[in-house]
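Keep in mind the model is a prediction, meaning the values are calculated, not measured. Values below: every heavy atom of this structure, side chains too, minus hydrogens, waters and symmetry copies.
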There are 2 protein chains.
Amino acid sequence: MNVTDSERRRNNILEAIVEAYLETASPVGSELVSRKMRKQLSSATIRNVMGELEEAGLVEQPHTSAGRVPTDRGYRLYVDQLLEAVELSAEELQQMLASVHPNELELKQLFQRVGEVLAEQSHQATVILEPTVKHSRVKQIELLPVGVRKLLCVLVGQETLVVSHVIEVEQPISREEALSLAHFLTSELTGLPIQELLTSLEGRLSEVDASLADLARRSLAILQTVLATEPEERLLLEGTLYLVEQPEFRKNPNKTHQLLRQLELRQALMAKMREELGSPRTCVRIGREINIEGLEACSYILAPFGVRQAVLGGIGVLGPKRMDYRRTRALVEGAADLLSDVLTQWELNG
Amino acid sequence: MNVTDSERRRNNILEAIVEAYLETASPVGSELVSRKMRKQLSSATIRNVMGELEEAGLVEQPHTSAGRVPTDRGYRLYVDQLLEAVELSAEELQQMLASVHPNELELKQLFQRVGEVLAEQSHQATVILEPTVKHSRVKQIELLPVGVRKLLCVLVGQETLVVSHVIEVEQPISREEALSLAHFLTSELTGLPIQELLTSLEGRLSEVDASLADLARRSLAILQTVLATEPEERLLLEGTLYLVEQPEFRKNPNKTHQLLRQLELRQALMAKMREELGSPRTCVRIGREINIEGLEACSYILAPFGVRQAVLGGIGVLGPKRMDYRRTRALVEGAADLLSDVLTQWELNG
DNA sequence: ATTAGCACTCTGAATAACAGAGTGCTAACA
DNA sequence: TGTTAGCACTCTGTTATTCAGAGTGCTAAT
């Protein structure tokens, strides 16, 4: 038996172990694997190979004389090398599509609905990294007085993402004044990356006519407030309940609490995921790879969505390490495609 | 010993039982109560009275020969008759105030911050029923094109609550057209209750000049979409984690899941709470009184906030029945007052 | 009316016994 | 040399048993 053959066999057995474990959630023994492989090999042989797998750090035993459980590295190999891509079933696709009524939907509600459906289909938690206007470029800026000293500020990005905030200004401001400030801002800043607006505007302050100096100063103050009000990033979470109900958490309140704490804080998870979106591919992170305390027992699958080349946000599923990677990945990618389509449509209409 | 005396004694003992139970979370025995009352009465006497209390349905035993636990009716009597009002300590008030930076704050963020602080102070979950523009009257309506067929619709209520939504319209619309539609809507509808806008506008359609009929029709369509997009009501939730970590849930995953399910659905809780806000007083609901499956082990304290006479929303704490009602009530009312103040200020500036 | 004393009850923790599942090793086999 | 049957061994999770502790209700004394 040559090297490749023996390697292939090891992989088959690892695959069987992983898949059995995904189903049963309890350590899998040699007998079960043997049956799963239609007795091509006896349980004794399987045991030998399992020893090798353990040696290689791909599986482990919770204790002597228990079955094997895949390690993070085991899952990793399974995902990278043993998992062929599958398409979403027609029915699942249908379900997903049914969740969208694009014409009467606020973008945020769209995300929420798709998130809910994805959570329900996968029976796991959904995370959505919302597109934020801060990663976009200025297309339009509007200012509307909605009270003596209150100003509604609207910032439209190039993908027609819109945010609006009500802020308080020091001086009462008239409709006309507001209009001219907005005009000034729009004409000065169109096309610039929103994250760098403040520095851009400050740079221009010096070049500007003396007659406009006051205008510029006031605009700057307003913009500053708006950008401070708008959060850097937003993470939507749906279906945490599914996650908590998984057997790995049912019995272990401490684990559950740690998990919930992380989900409530969000910060760490958000940063991590934004980072992942740097690459425009679906990514899978398993257990410790996530490198967040409290999520050791979890994996996530995250896919970016956007318009044309630009990645605007990401949608993913957070579940127990013991998740159905094949199906979940298909679901996540389906959802991401759906969102990309809607956003593209949205932009065309904008 | 006359009737009043014996009644007073019973109440004292009930109070001692409740307070001991709040501290220890385990059934309280006669000996402990006797000690709590500085041995004014022996444990044997306490036992007799406890028998009466049980007879009266105010306390119960988890099993023969365990201590007593207050029933819902026991808590109710305790809250209604034995609980004097207390003020917030200076320090707590300070903490609360520190959570607010009113000048640079979006209203929603304000609620969130106050909610977080309240959750942290009380070590329980906070619920906030957000003010919704739907319960207000029209002050101003604005329409701004933010794309060929996209319209930003701004609805300002009398308390200067603002909502804005982006909707898609069938026909491309110019800035001037949008302006005139908005003008038309504002002039027609100012002062009307927003919830009844559609009927009002429909009523007026008939009275309007033929020359304006098209204007009116288009406005109506837009308004319809906006009102459909804006949700009836919103419930903010903070600090569920605190709640889940309480001893009554720690050991009981099923209870925990039921609880989390209710909190995820929100619907039932929201309806119930909106109902409570009919009366402009702080309200306390205990266990079964809430009448929502999954919240039997919880109580909530809810206080309305608003501007002048008008109740705009409510803030409350949801915790285990075994909560410190005295302190929690003070905290909740403190938070509600704080919000009322900020909103009043907000309105004055608007 | 109150209380000391006591027999009784129930829980929760600790311990032991045990079936079940799975392993690693050895020796036989193809 | 790779595979397999067989077996002794190990570890877990469950069930049964015991036992101390806490608390009660009742009775009789104060």
Side-chain angles (χ1 to χ4, degrees), chain A residues 1-10 12-14 16-17 20-21 23-56 58-71 247-248 250-252, chain B residues 1-10 12-14 16-17 20-21 23-56 58-71 247-248 250-252:
Chain A
M1 181 183 268
N2 66 42
V3 181
T4 331
D5 267 1
S6 108
E7 192 156 307
R8 184 172 310 141
R9 194 174 71 173
R10 275 174 44 162
N12 283 340
I13 290 177
L14 176 62
I17 294 176
Y21 186 63
E23 278 175 35
T24 64
S26 52
V28 336
S30 53
E31 182 59 32
L32 178 59
V33 173
S34 171
R35 250 182 299 143
K36 263 221 154 202
M37 300 178 79
R38 301 214 205 93
K39 298 278 187 185
Q40 291 167 321
L41 293 170
S42 79
S43 64
T45 312
I46 306 280
R47 279 203 288 283
N48 290 333
V49 181
M50 277 171 145
E52 297 173 34
L53 288 172
E54 180 143 19
E55 195 91 345
L58 298 170
V59 300
E60 63 190 351
Q61 296 176 284
H63 53 86
T64 344
S65 94
R68 299 320 209 276
V69 167
T71 62
E248 19 275 276
R250 287 199 75 86
K251 284 147 191 177
N252 197 331
Chain B
M1 181 184 268
N2 65 42
V3 181
T4 332
D5 269 3
S6 104
E7 192 155 309
R8 184 173 309 139
R9 193 175 70 173
R10 278 175 41 165
N12 282 341
I13 290 176
L14 176 62
I17 293 175
Y21 186 62
E23 279 176 33
T24 64
S26 53
V28 336
S30 53
E31 182 58 34
L32 178 59
V33 173
S34 171
R35 252 183 295 143
K36 262 222 153 197
M37 301 177 78
R38 300 214 206 88
K39 297 275 187 187
Q40 290 166 322
L41 293 169
S42 79
S43 65
T45 312
I46 306 278
R47 277 202 291 282
N48 292 332
V49 182
M50 275 172 148
E52 297 173 35
L53 288 173
E54 181 144 18
E55 195 92 345
L58 299 170
V59 299
E60 62 190 351
Q61 295 177 285
H63 53 87
T64 345
S65 95
R68 292 334 203 269
V69 168
T71 62
E248 19 277 273
R250 285 199 77 87
K251 285 148 193 174
N252 196 331

- Does Ser42(A) offer a backbone N or O that forms a donor-acceptor pair with the side chain of Ser34(A) under 3.5 Å? no

Given atom [atom1] of [X] and atom [atom2] of [N], what is their separation to the nearest angstrom?
| X | N | atom1 | atom2 | value |
| --- | --- | --- | --- | --- |
| Arg68(A) | dT10(D) | CZ | P | 17 Å |
| Gln61(B) | dT11(C) | CD | P | 11 Å |
| Arg10(A) | dT3(D) | CZ | P | 14 Å |
| Leu32(A) | dA21(C) | CG | C1' | 12 Å |

Quick check: do [X] and [Y] have side-chain heavy atoms less than 4.5 Å from each other?
| X | Y | answer |
| --- | --- | --- |
| Ile17(B) | Leu58(B) | no |
| Arg9(B) | Thr45(B) | yes |
| Gln40(A) | Asn12(A) | no |

- Message: If you assign Glu31(A) and His63(B) each to the DNA chain C nucleotide with the nearest heavy atom, which residue ends up on the more 5' nucleotide?
- Response: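 This one resolves to His63(B).
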
- Message: Can you tell me which residue among Arg47(A), Lys36(A), Lys39(A) is in a salt bridge (Lys or Arg N to Asp or Glu O under 4.0 Å) with Glu31(A)?
- Response: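 Among Arg47(A), Lys36(A), Lys39(A), the one that satisfies the salt bridge (Lys or Arg N to Asp or Glu O under 4.0 Å) with Glu31(A) is Lys39(A).
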
- Message: Give me the atom names and distance for the closest heavy-atom approach of Pro70(A) to Tyr21(A).
- Response: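 Reported closest heavy-atom pair: CD-CD2, 3.6 Å.
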
- Answer yes or no: does a side-chain N or O of Ser30(B) lie under 4.0 Å from OP1 or OP2 of dG23(D)?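 Answer is no, no contact under 4.0 Å.
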
- Quick one: the side chain of Ser65(B) and the base of dT9(C), do they pair up donor-acceptor inside 3.5 Å?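 Between dT9(C) and Ser65(B), which were checked side chain against base, a qualifying N/O pair under 3.5 Å is present.
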
- For DNA chain D, what residues of residues 34-55 of chain B have any heavy atom nearer than 4.0 Å?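 Going residue by residue through residues 34-55 of chain B, the ones with a heavy atom under 4.0 Å of DNA chain D turn out to be Arg47(B), Met50(B).
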
